[in-house]
Protein chains: 2
Amino acid sequence: MFSNACEYGLKALAYIASRSIENQRVKIWDVSKYAGSPAAFTAKILGKLSKENILNSYTGPNGGFQMSPDQLRDVKVADVVRIIDGDDLLVKCIMGLDGCNADKPCPLHYQYAGIKQNINKMLTNTSIYDLAVGLNAGETMLRREVK
Amino acid sequence: MFSNACEYGLKALAYIASRSIENQRVKIWDVSKYAGSPAAFTAKILGKLSKENILNSYTGPNGGFQMSPDQLRDVKVADVVRIIDGDDLLVKCIMGLDGCNADKPCPLHYQYAGIKQNINKMLTNTSIYDLAVGLNAGETMLRREVK
DNA sequence: TTAATTTAAGACAAAATTATCTTAAATATT
DNA sequence: AATATTTAAGATAATTTTGTCTTAAATTAA
């Protein structure tokens, strides 16, 4: 479904958002620790997302990563998936048939059509903020336990 | 969703099944041509599937690939996906959270639960035969046009 | 201005995936 | 038996993904 990079990116953002809601800026080691993702690799992913205005990064002491209220409000899971994995998951035919549609369907087209629609809904309707609130409420988690 | 290898495998099987229904055995070049997949790579995938009794292969003149009536009846898309891609798609957490469940859910758990269930249904309820009948009826296709 | 902290950027490397090519084995036909 | 046909198996290679390491740049504080 998602690539490792995308999973890391979403988990990192969920954590950063959960702290941003509390007006906290977090460092890459914190992110790595709480999201359970390799620090250097996650840093590279966050750099890419930062360039795309998904979150903000700051160098120097008191630096780190943070999401603005605007970003918390606007960024959807779909935006992150598109940046990291491209839009295959949102648009591609499940059998890889180029130009698959209701007129020229692949053999799985109709079985998959509803699922694809629901995946699109999930990705476009869920914001990073939505991922974060459950974390802060202790209702959801990013890893089994924090070392 | 599926790997390239899995897409090739499913398309190849759909074509082989469509010919097997007509009691025809097909050669790898035919498969490659009609499924639009690289021949040598597809052959390797079919070799693996053949070992797992998804279809039968025959060497020599009049050789090729064919599915038996039993295989046509019994083989589900899920079987093929499991052999080629493993069972991640059927069981894994969308965020990669180890041990994600309703008690310890990842932030996307509830949004994804229904989708995951529907993916499982699609894969376990659809047989390779189902993929083939639409092809023979001219209702579905495996590639834009055959060169 | 110097030193410490933190992310940025890119080189480097390991592993997985995708793909091709060559040789071997099996089978059928003559 | 010899030959042609076809898949099997494994070597090889290219590409992508995953991941680390080093150095640079930015920022803060003393």
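First the proteins, then the strands, lettered A, B, ... as listed; each starts at 1.
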I'd like to check the ring pair (Phe, Tyr, Trp, His ring centres under 6.0 Å) partners of A:Tyr112; sequence neighbours left out, ordered by chain and number. none
Show the nearest heavy-atom pair for residues A:Gln66 and A:Arg25, with the distance to one decimal. OE1-NE, 3.3 Å
Exam field: side chain A:Arg143 to backbone A:Lys33, donor-acceptor pair closer than 3.5 Å: yes
Touch check for B:Lys51, heavy atoms < 4.0 angstrom, all strands: base, sugar-phosphate only, or nothing? sugar-phosphate
Using atom CD1 of A:Ile84 as one end and atom P of D:dG19 as the other, report the distance to the nearest whole Å. 13 Å
Heavy-atom pair with the smallest gap, counting every atom of A:Pro105 and A:Leu97: C-CD2, 4.0 Å
Which whole-number value in Å describes the distance from A:Trp29 CH2 to C:dT7 P? 10 Å
Atom pair distance, as rounded to whole Å: CD in B:Glu7 and P in C:dT17: 15 Å
Is there a donor-acceptor pair closer than 3.5 Å between any side-chain N or O of A:Tyr8 and the backbone N or O of A:Ala43? no
Has A:Asn118 got a side-chain atom pairing as donor or acceptor with A:Ile115's backbone, closer than 3.5 angstrom? no
Near DNA chain D, under 4.0 Å by heavy atom, which residues of residues 52-71 of chain A? A:Thr59, A:Gly60, A:Pro61, A:Asn62
Taking salt bridge (charged side-chain N to carboxylate O under 4.0 Å, His left out) as the definition, give me every residue that meets it alongside A:Asp70, ordered by chain and number, with sequence neighbours left out. A:Arg73
Quick note, A:Ile28 side chain, CB onward, closest among D:dG19, C:dT7, D:dT7 is C:dT7
Whole angstrom value for the distance that separates C1' of C:dT17 from CZ of B:Phe2: 17 Å
For residues 47-64 of chain A, dump all side-chain donor-acceptor pairs below 3.5 Å to protein atoms at least two apart in sequence or in another chain.
from	atom 1	to	atom 2	distance (Å)
A:Asn53	OD1	A:Gln71	NE2	3.0
A:Asn56	OD1	A:Gln71	NE2	3.4

Tell me, for nucleotides 12-18 of chain D in 5' to 3' order, what letter each nucleotide earns: B for a base near a protein heavy atom under 4.0 Å, S for only sugar-phosphate near one, - for neither? ------S
Can you tell me the distance, in whole Å, between the CG atom of A:Asp30 and the C1' atom of C:dT7? 15 Å
Closest to the side chain of A:Lys27, out of C:dT20, C:dT6, C:dA8, is C:dT6
Which stems does DNA chain D form, counting runs of 3 or more consecutive Watson-Crick or G-U wobble pairs with both distances under 3.5 Å? C:1-30 with D:1-30
Any donor-acceptor N/O pair, B:Thr140 side chain to B:Leu135 backbone, under 3.5 Å: yes
Closest heavy-atom pair and its distance - B:Ser20, B:Met67: OG-N, 2.8 Å
Any idea which heavy atoms bring B:Leu72 and B:Ala17 closest together, and the distance? CD2-CB, 3.6 Å
Rounded to whole Å, CD1 of A:Ile45 lies from P of C:dA9 at a distance of 15 Å
